[in-house]
Amino acid sequence: MEGVIGLVNKIQRACTLLGDYGDDRTLPTLWDALPTIVVLGGQSSGKSSVLESIVSRDFLPRGSGIVTRRPLVLQLYKIEPGQQDYAQFLHTGNKKFLDFAMVRSEIQQETDRVTGKTKQISPLPINLSIYSPNVVNLTLIDLPGLTKVAVEGQPESIVQEIEDMVRAYVEKPNCILLAITPANQDVATSDAIKIAREVDPAGERTIGVLTKLDLMDKGTNALDVLEGRSYRLQHPWVGLVNRSQADINKNVDMVVARRKEREFFATSPDYGHLANRMGSEYLGKLLSKHLESVIKARVPAILSLINSSIDELEAEMNYLGRPVAIDASAQLYSILELCRAFDRIFKEHLEGGRPGGDRIYGVFDYQLPAALRKLPLDHHLAMQNVRKVVSEADGYQPHLIAPEQGYRRLIDGALNYFRGPAEASVDAVHFILKELVKKSIGETQELRRYPTLQAEIASAAIEALERFRSDSKKTVLRMVEMESSYLTVDFFRKLPQDADKGGSPISSSVDRYTEGHLRRIGSNISSYVGMVSDTLRNTIPKAVVYCQVREAKRCLLDHFYTQLGKKEGHRLSQLLDEDPVLMERRQKCSRRLELYKSARAEIDSTLWGK
């Protein structure tokens, strides 16, 4: 019996050390799945005396009014006979308390540390473990006593606050209620029974305890309650006789108190026939036996939770990745692997495996043609500007056959407009590539752990993209300049030539400035510029892709790799300086995974290994 209960105690202890309980987690916890016994009762109902009777030690703070102001998670561990009793608090580490008066003092100080020296309460539990040969393996949770009226120094809301705290524990289906009611109080008005009836109407999870039987008025007894006639539960009521205040003041030993309790029931004319199932010793054994049966009934559900939690935690560990290597060469290898993972995702964006690369095609198919159509060529080739440019090109001596200099100046001026769309295409693709770098870094799961390395990769990639943009811009501008530096002669040779009436192509220079002739010049240049526009519309994308997109795919991080090989070990460690939040998350996940695997192994060993 103690094997399975000790197992649960051990798992609960591990849960407590891990912090695997509370309201700030997403996974259902092992703590919630394990049965726990909650001590429930009104103020001055004798809760403290019941706990001390079970432990056989005087260790709880006492006083009038509200004494228990924080939940006390009390874990009892049975040790070998002859060994000395001792206690340990979670908040004091491995410190052992051999003097139980110091345990009482520590509970009081730890309560005051959180709530102050007031009558306030706090839901933050105090975790206490007691090791003794005189206990059974149990975990009990003592809660602040229920009250109906706030006392001086307490807010009016404290009545509801205490009830809300109690309900947060007792409403859990795995909670066993130890409902404490004093015998000199009508059970119908018992605070503990009232809440127990609401959360456990069938009485399946409730064990009723009637205290202070020795303080009832003469001629009265509590047989109607103890025999289940007043309020029936699925489990029998247990009567107790607590130490009197005089016994407490005289420091009467708990062993002596237990003997007096046995004598009371054995010699009582009212309760003698119930003596074998009354008293604190019987209560401890009853709780232990009941807890064992509940645990065994819940084992399949507990194992199911453990297995599903292990699967989820292992998936999360895979997501978070393995711990950082210490060796410099291993660190370099890890960094290169992370860079390759980023580079792979970046290429997938460009090549169509992920969205984003299609936006580059949009620059060439929509943005560039639209920019070329919007060039102010109509204004540049308007009659007035053609006349002005041609006249200025002739200087003091008019042209003889065709205004070649005027043609060239008009063409140069028109082609100069193409610089803007060419540069805009380069900048647009550069912007898209930068966005894809940032997006790819964000999508590289392995990199999420390393904010410093993310920043370094982003900086190196953007620096490389700047170089590619500079080369691309030089290339497209050269392409525009090449169109200006050497005109396609065949285009002009194929143009129809004007001839005078005599068939001679020569006419006076005055005739060359006629409106018709100027219009023909503008038309010819417009046709030529249109031909160049069609050419650049096809060649600018080629240059941009070659200089920017192709280079980004081919050698985005080459310079970074070169610099990486020159870094010393401590610099590599800095690059793998994980996000502290992720480090803490992995550590918690790892500890939790270890807990759940250990719990599974312990359950298998305890239940089926014998």
Side-chain angles (χ1 to χ4, degrees), residues 318-360 363 423 425-476 542-583 586:
N318 290 334
Y319 168 78
L320 294 173
R322 60 182 182 271
V324 179
I326 300 176
D327 180 70
S329 59
Q331 289 177 344
L332 179 60
Y333 176 80
S334 297
I335 293 171
L336 292 175
E337 285 293 301
L338 292 166
C339 291
R340 292 188 190 103
F342 153 75
D343 196 49
R344 183 174 60 255
I345 291 175
F346 179 69
K347 288 177 180 176
E348 287 176 1
H349 277 293
L350 292 177
E351 295 169 351
R354 296 171 185 256
D358 55 311
R359 291 171 57 197
I360 295 175
V363 171
E423 289 184 303
S425 296
V426 171
D427 290 337
V429 170
H430 176 73
F431 178 78
I432 293 170
L433 291 173
K434 278 175 56 177
E435 281 197 330
L436 292 181
V437 164
K438 294 176 182 176
K439 190 176 181 67
S440 299
I441 288 174
E443 292 176 357
T444 306
Q445 301 286 358
E446 301 91 333
L447 270 177
R448 291 188 178 183
R449 297 166 52 187
Y450 310 108
T452 304
L453 183 57
Q454 285 183 44
E456 288 287 332
I457 290 176
S459 175
I462 290 172
E463 183 181 328
L465 292 178
E466 290 288 352
R467 292 197 303 272
F468 303 155
R469 175 169 69 167
S470 177
D471 292 342
S472 182
K473 194 166 286 190
K474 290 176 183 177
T475 300
V476 296
K542 295 177 187 293
V544 170
V545 168
Y546 183 85
C547 294
Q548 289 175 266
V549 180
R550 174 180 172 274
E551 288 300 286
K553 287 171 57 179
R554 189 177 68 86
C555 57
L556 182 64
L557 295 179
D558 278 11
H559 182 68
F560 179 67
Y561 293 149
T562 302
Q563 296 301 313
L564 199 60
K566 301 176 183 178
K567 291 184 184 293
E568 297 179 358
H570 72 279
R571 286 289 296 128
L572 295 175
S573 298
Q574 290 173 358
L575 289 178
L576 293 176
D577 183 18
E578 278 192 280
D579 182 345
V581 174
L582 281 180
M583 288 178 65
R586 187 195 301 106

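One is the number of the first residue; the rest follow in order along the sequence.
Distance alone, capped at 3.5 Å, places no donor-acceptor pair between the Asp343 side chain and the Ala341 backbone. A donor-acceptor pair under 3.5 Å is formed between the side chain of Gln454 and the backbone N or O of Leu447. Within the 3.5 Å criterion, the main-chain N or O of Asp471 finds a donor-acceptor partner in the side chain of Thr475.
The shortest side-chain heavy-atom distance between Leu575 and Tyr450 does not fall under the 4.5 Å cut-off. Between Arg344 and Lys347, every side-chain heavy-atom pair lies at or beyond the 4.5 Å cut-off. No side-chain heavy atom of Tyr333 sits less than 4.5 Å from a side-chain heavy atom of Leu336. Between Val544 and Ile360 the shortest side-chain heavy-atom distance does not fall below 4.5 Å. Annotation: side chain of Arg449 is in contact with side chain of Arg586 (closest heavy-atom distance under 4.5 Å).
Sorted by first and then second residue, the salt bridge (charged side-chain N to carboxylate O under 4.0 Å, His left out) pairs involving residues 451-462 (not counting sequence neighbours) form an empty list.
Rounding to the nearest 0.5 angstrom, the gap separating the OG atom in Ser440 from the CD atom in Glu348 is 8.5 Å. For the atom pair CD of Glu466 and NZ of Lys434, the computed distance is 6.0 Å after rounding to the nearest 0.5 Å. Within the model, atoms CD1 of Ile457 and CZ of Phe346 stand 12.5 Å from one another, a figure rounded to the nearest 0.5 Å. Here the straight-line distance linking atom CD1 of Ile432 with atom CG of Leu350 works out to 10.0 Å at 0.5 Å rounding. To the nearest 0.5 Å, atoms CG (Leu557) and OG1 (Thr562) are separated by 10.5 Å. With values rounded to the nearest 0.5 angstrom, Phe342 atom CZ is found 12.5 Å from Glu446 atom CD.
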Verdict with reasoning, Leu338 to Thr444, per side chain to side chain contact (heavy atoms under 4.5 Å, CB included):
CA-CA 8 Å; Leu338 292 166; Thr444 306; 5.8 Å; no
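When every heavy atom of Tyr561 is checked against every heavy atom of Cys339, the shortest pair comes out as OH-CB, 3.6 Å. The shortest heavy-atom contact between Leu436 and Pro355 is CD2-O, 4.2 Å. Pairing each heavy atom of Ala464 with each of Leu556, the nearest pair is CB-O, 3.3 Å. Considering every non-hydrogen atom in both Ile345 and Glu443, the closest pair reads CD1-O, 3.6 Å. Residues Ala543 and Ser472 come closest through the heavy atom pair O-OG, 4.2 Å.
Salt bridge annotation for Lys439-Glu435: absent, with no cationic side-chain nitrogen under 4.0 angstrom from a carboxylate oxygen.
For the pairing with Leu433, the side chain to side chain contact (heavy atoms under 4.5 Å, CB included) check across Gln548, Glu551, His349, Arg469 returns one residue only, Gln548.
No more than 12 heavy atoms of other residues, nucleotides or ligands lie within 6.0 Å of OH in Tyr546, so this atom counts as exposed by the packing criterion.
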